[in-house]
Structures are given as structure tokens and as C-alpha cells.
A.B. asks: 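Pasting a structure below so you can have a look.
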Amino acid sequence: MNKIILSIIVFTFLLLSFGGTTTEAKGKSEIIPQNQFPSLMERAFLRSLGETILDIMRKHGDNQLFEYGRIEKISGNDPYDVSLRVIGFEGAHNPPYKLIRMTIRIPGDKGANYSVLSYSSRPISDKEFDKLTEYPAYD
């Protein structure tokens, strides 16, 4: 009897100690909150997409670097559609800034290459830049 009670206590302790703020996918679409700092998973995923994002930007005529990437939405179930935004810049991280939004289809087991479902870019003001960078993807 003591082993059962001890096992339950240990299990409960482990469950509570590893609990944290997580975003769990519920269904086939997940919208990522933009009014808080990005999770470690979002930051790592954006880093892994870095070369892909630059390649897409170049193919659409935006020969710039980018920063302040955020994932806005993920949907699907193999393949996945990832909607994200980045802020493009010219020069040493100075204006003019461009808001670039794209939706990328990331292939699953049946494909090898990504495809671009949508792409848009537009100049942004300093005020809009400040609002979009309120919760940066890095500390």
C-alpha cells in the first residue's frame, strides 16, 4: 500500500514540476499569440527556417536581410502550412523597414521541397515597427 501511495506522490510531483507555459495544438490549426514573447520552440523553428525565408524573399525581389521573425499560424497535418512574418531591412538594421508575410507549405513524408502559398511585403512606419517589435524573438 505504501508503494502505491509513494508512486502516486512521485508521479504527481513530476507532473507538476514539469508543467509550464506551453501552447498545445488542438486540432488542425494553431494560432500563435503575438502579444507575448515567443516560446523557445518558436524561436528554434524560425532559426531552422532562416535560409528558406531568405530564399523566398530573394525569389520575390526582396534582396534584404530580416529580423524580428514571428510565426503567426500553423495548420495542417503533414504537410504543414506555416504563416509567418519578418521585418526586412537594408543596411545596418536601419530604416526603411518592410513587413514581409508569407505562408510556406512544409512537406511531410511525401514531399521534399517547400512551396510558397502566399507572399506579401510593404513598407512600414517607425510607429508600426515599434508595435511589431514589442515582443522580439530574442532576449
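The first residue of the sequence shown is numbered 1, and numbering continues consecutively from there. Values below: every heavy atom of this structure, side chains too, minus hydrogens, waters and symmetry copies. None of the values given here were measured: they were computed from a predicted structure.
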A.B. asks: Which distance, rounded to the nearest 0.5 Å, do you find between the CD1 of I32 and the OG of S39?
C.D. replies: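 Rounded to the nearest 0.5 Å, the CD1-OG separation comes to 7.0 Å.
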A.B. asks: Does the side chain of K98 come within less than 4.5 Å of E90's, by heavy atoms?
C.D. replies: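 In short, these two side chains do not touch, never coming nearer than 4.5 Å.
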A.B. asks: Using a 4.5 Å cut-off on heavy atoms from C-beta on, say whether the side chain of E67 contacts that of F89.
C.D. replies: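 A side-chain contact exists here, since the closest heavy-atom pair is under 4.5 Å.
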A.B. asks: Is there side-chain contact between H60 and I100, with at least one heavy-atom pair below 4.5 Å?
C.D. replies: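 No, side chains not in contact.
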A.B. asks: Starting from the C-alpha separation in whole Å, work towards a yes-or-no answer on side chain to side chain contact (heavy atoms under 4.5 Å, CB included) for I87 and T133.
C.D. replies: CA-CA 9 Å; I87 296 178; T133 59; 3.7 Å; yes
A.B. asks: Using 30° and 60° as the class limits, which term best fits the ring planes of F129 and Y97: parallel, tilted or perpendicular?
C.D. replies: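 Rings of F129 and Y97: parallel, as their planes differ by under 30°.
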A.B. asks: Would you say S75 and S29 are linked by a side-chain donor-acceptor pair, where the criterion is simply a distance under 3.5 Å?
C.D. replies: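 S29 vs S75: no donor-acceptor pair found between side chains.
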A.B. asks: Restricting to ring-ring contact (aromatic ring centres under 6.0 Å, His included), what partner residues turn up for F66, sequence neighbours left out?
C.D. replies: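 With sequence neighbours excluded, F66 shows a ring-ring contact (aromatic ring centres under 6.0 Å, His included) to no residue whatsoever.
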A.B. asks: Please list, chain by chain and in numerical order, all residues satisfying salt bridge (Lys or Arg N to Asp or Glu O under 4.0 Å) with R105, sequence neighbours excluded.
C.D. replies: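 By the salt bridge (Lys or Arg N to Asp or Glu O under 4.0 Å) rule, R105 matches D81.
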A.B. asks: Could you measure the distance from the CD1 atom of I56 to the CD atom of E51? Nearest 0.5 Å is fine.
C.D. replies: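 With rounding to 0.5 Å, CD1 (I56) is 11.5 Å from CD (E51).
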A.B. asks: Would you give the length of the straight line joining atom CE of M102 to atom CG of L49, rounded to the nearest 0.5 angstrom?
C.D. replies: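 Going from CE on M102 over to CG on L49, the span is 9.5 Å.
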A.B. asks: If you group Ile, Leu, Val, Met, Phe, Trp and Tyr by side-chain heavy-atom gaps below 4.5 Å, do L117 and Y80 land in one group?
C.D. replies: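 They do not share one cluster, since no chain of ILVMFWY contacts under 4.5 Å joins L117 to Y80.
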A.B. asks: Following the transitive rule for hydrophobic clusters with a side-chain heavy-atom cut-off under 4.5 Å over Ile, Leu, Val, Met, Phe, Trp and Tyr, establish whether V116 and F45 coincide in one cluster.
C.D. replies: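 V116 and F45: one cluster.
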A.B. asks: How far does CD1 of I74 sit from CD of E42, to the nearest 0.5 angstrom?
C.D. replies: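 I74 atom CD1 to E42 atom CD measures 8.0 Å (nearest 0.5 Å).
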A.B. asks: Are D126 and P95 close enough that some pair of their side-chain heavy atoms sits under 4.5 Å apart?
C.D. replies: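 Counting from C-beta outward, D126 and P95 do come under 4.5 Å.
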A.B. asks: Under 4.5 Å between any side-chain heavy atoms of T103 and V82, yes or no?
C.D. replies: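 No, too far: nothing below the 4.5 Å cut-off.
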A.B. asks: Look up atom CD1 in I106 and atom OH in Y114, then write down how far apart they are to the nearest 0.5 Å.
C.D. replies: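 Between I106 CD1 and Y114 OH, I get 11.0 Å after rounding to 0.5 Å.
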A.B. asks: By salt bridge (Lys or Arg N to Asp or Glu O under 4.0 Å), which residues pair with E134, not counting sequence neighbours?
C.D. replies: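 Checked E134 against salt bridge (Lys or Arg N to Asp or Glu O under 4.0 Å); zero matches.
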A.B. asks: What's the spacing between E72 CD and L84 CG if we round to 0.5 Å?
C.D. replies: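 Answer rounded to 0.5 Å: 7.5 Å.
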A.B. asks: Taking only residues two or more places apart in sequence, or in another chain, which ones meet R58 in a salt bridge (Lys or Arg N to Asp or Glu O under 4.0 Å)?
C.D. replies: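 Salt bridge (Lys or Arg N to Asp or Glu O under 4.0 Å) check on R58 returns nothing, list empty.
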A.B. asks: Kindly indicate whether the side chain of L54, heavy atoms from C-beta on, has any atom under 4.5 Å from the side chain of L65.
C.D. replies: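 They are in contact (side-chain heavy atoms under 4.5 Å apart), so the answer is yes.
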A.B. asks: Under the salt bridge (Lys or Arg N to Asp or Glu O under 4.0 Å) test, which residues partner K59, sequence neighbours left out?
C.D. replies: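 Listed in chain order: D55.
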A.B. asks: Does Y119 have any side-chain hydrogen bond (donor to acceptor under 3.5 Å, both in side chains) partners at least two apart in sequence or in another chain, and if so, which?
C.D. replies: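 If we apply the side-chain hydrogen bond (donor to acceptor under 3.5 Å, both in side chains) test to Y119, skipping adjacent residues, the hits are D62.
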A.B. asks: Evaluate L132 against R85 for side chain to side chain contact (heavy atoms under 4.5 Å, CB included), listing each step before the verdict.
C.D. replies: CA-CA 10 Å; L132 289 168; R85 73 167 191 253; 3.7 Å; yes
A.B. asks: Does some side-chain heavy atom of R70 sit less than 4.5 Å from a side-chain heavy atom of Y135?
C.D. replies: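 Y135 reaches R70 side chain to side chain.
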